[in-house]
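First comes the structure, then the notes that go with it.
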Amino acid sequence: YAPLQAQAIQDGNYTKVFVVNDHTVPITVAVNMRLRSLTDNSSTCQQQKQPDVPITTIAVPDDDITVDATVPPGFASQVLAAETSQLLSTLPGCTPATCYLDVTVTRKSSGSLAAQPEVSETQMFFMPLKDIDLPDPGLAISGFQQVHANLDNNDNLSGNFSDPVSFTLTASRPAALTYLNTKYRGRFSDDAFTALHPCKPKKITFYPHSSVQGLTAGDLATDLTVESLFDHQFGTAAMPARPLPANRAVGKTAGR
């Protein structure tokens, strides 16, 4: 559950995007919608010189689909209704089998909610994933570091967790249905992604349960596994994520 949610659906021949506001007050949001290709890779990000932002902007028919919207409390506002074929035609070579829609909603409200950053992301594929020839995403995890729970203010912890460990998850090609797993009892700040893009690495924190004592960053790095739908399609599931090459490593594995 989250009080702000981005949602994308296919309704007949149309693609529709909604913003759901479960706050008790109206909110203003910026909505960015972009097509992504399954052929995107990390080199594409470097060529675009935009490693942290999307690389393709949807225009239907001639306007950049980045819109502001005010959403009433307890309401879902539609921010896009575009014919799917027209939408796909805006990116050369894009078909239902080779592209997906990436939506990011960022709250811009002022007042009582201004001090609470809030972002919602969603992705939508245009056909069943079983019918898409997914690329090997080359998933990698790196930069394991022990952090202090009080330094991470985004999770509003109640004090029941201790010894958090942060790390970075990356993909060299788009990954569908990616998730994380470990034998250690606890939770991740985020542990499942509909689509993970090379240009948008994820910084994740694992919060061990209070019953887990003495967990180090090295312990988690050794045990952690990451899988995507590609691994299940080709029988490589439950394999540890490959480490990044030394010249791409982020931070260092940290122990106590």
Side-chain angles (χ1 to χ4, degrees), residues 1-10 15-23 27-38 40-42 44-45 48 50-58 60 64-71 75-82 84 87 91 94 99-109 113 116-126 129 132 134 137 139 141 152-156 166-180 187-206 226-229:
Y1 167 79
L4 173 66
Q5 286 282 347
Q7 296 182 350
I9 64 169
Q10 283 192 273
T15 295
K16 297 181 178 180
V17 176
F18 298 85
V19 177
V20 180
N21 174 22
D22 275 338
H23 288 289
I27 61 172
T28 300
V29 296
V31 186
N32 184 260
M33 294 161 278
R34 306 192 179 205
L35 285 175
R36 296 194 180 279
S37 171
L38 292 176
D40 290 344
N41 55 47
S42 54
T44 306
C45 303
Q48 294 289 326
Q50 295 180 347
D52 300 322
V53 298
I55 60 176
T56 304
T57 300
I58 298 173
V60 183
D64 177 9
I65 302 300
T66 302
V67 300
D68 288 348
T70 298
V71 187
F75 193 77
S77 292
Q78 180 175 289
V79 294
L80 175 72
T84 299
L87 192 64
L91 182 63
C94 198
C99 291
Y100 64 92
L101 180 65
D102 192 358
V103 180
T104 302
V105 176
T106 306
R107 194 184 66 218
K108 300 176 65 177
S109 297
L113 298 176
Q116 304 175 28
E118 196 169 2
V119 177
S120 177
E121 297 184 5
T122 191
Q123 296 82 33
M124 187 197 76
F125 289 86
F126 294 96
L129 286 168
I132 298 177
L134 296 169
L139 295 170
I141 45 179
D152 190 335
N153 296 320
N154 295 324
D155 287 87
N156 298 317
S166 68
F167 58 93
T168 300
L169 171 64
T170 60
S172 59
R173 298 280 293 277
L177 304 185
T178 302
Y179 66 96
L180 299 158
R187 71 176 180 87
F188 296 95
S189 56
D190 200 348
D191 66 353
F193 310 93
T194 302
L196 182 68
H197 194 269
C199 296
K200 298 177 72 174
K202 298 293 185 180
K203 184 67 175 289
I204 301 167
T205 302
F206 177 70
V226 56
E227 300 172 6
S228 72
L229 183 58

Taking atom [atom1] of [X] and atom [atom2] of [Y], what is their separation to the nearest 0.5 Å?
| X | Y | atom1 | atom2 | answer |
| --- | --- | --- | --- | --- |
| Gln10 | Met124 | CD | CE | 4.0 Å |
| Arg173 | Leu38 | CZ | CG | 8.0 Å |
| Leu134 | Leu129 | CG | CG | 6.0 Å |
| Asp191 | Phe206 | CG | CZ | 10.0 Å |
| Tyr100 | Phe126 | OH | CZ | 11.0 Å |
| Leu196 | Thr170 | CG | OG1 | 7.5 Å |

Discussion item. So that I can tick it off, tell me whether Lys108 and Asp68 are bridged by a salt bridge, with the cut-off set at under 4.0 angstrom between side-chain N and carboxylate O.
Written reply: yes
Item to complete: List the steps and the verdict of side chain to side chain contact (heavy atoms under 4.5 Å, CB included) for Ser189 and Ile204.
Response: CA-CA 6 Å; Ser189 56; Ile204 301 167; 3.7 Å; yes
Close side-chain approach of [X] and [Y], heavy atoms under 4.5 Å:
| X | Y | answer |
| --- | --- | --- |
| Ser172 | Pro137 | no |
| Met33 | Leu80 | yes |
| Leu101 | Val17 | yes |
| Phe188 | Phe167 | yes |
| Asn21 | Val19 | no |
| Thr178 | Leu169 | yes |

Item to complete: Taking all non-hydrogen atoms of both residues into account, name the closest pair between Pro198 and Pro201 and its distance.
Response: O-CD, 4.1 Å
Worksheet entry | Minimum-distance pair of heavy atoms, taken over all atoms of Ala6 and Ser120 | N-OG, 2.9 Å
Item to complete: Please check if the side chain of Thr194 supplies one atom and the backbone of Leu177 the other of a donor-acceptor pair under 3.5 Å.
Response: no
Worksheet item: Can you name the residues that form a side-chain contact (heavy atoms from CB on, under 4.5 Å) with Ser166, not counting sequence neighbours?
Response: Gln145, Val147, Lys203, Thr205
Item to complete: Scan side-chain atoms only and decide if His197 and Asp40 contain a donor-acceptor pair under the 3.5 Å cut-off.
Response: yes
Response to the item:
Those residues at least two apart in sequence (or on a different chain) that pass side-chain hydrogen bond (donor to acceptor under 3.5 Å, both in side chains) with Thr70 are Thr28
Worksheet entry | Any residue meeting side-chain hydrogen bond (donor to acceptor under 3.5 Å, both in side chains) with Thr15, in chain and number order, not counting sequence neighbours | Thr84
Fill in: Member of Val119, Asp22, Ile27, Val71 meeting the side-chain contact (heavy atoms from CB on, under 4.5 Å) criterion with Leu4
Ile27
Worksheet item: Going through the distances and angles, do Arg36 and Lys200 end up as a side chain to side chain contact (heavy atoms under 4.5 Å, CB included)?
Response: CA-CA 12 Å; Arg36 296 194 180 279; Lys200 298 177 72 174; 3.2 Å; yes
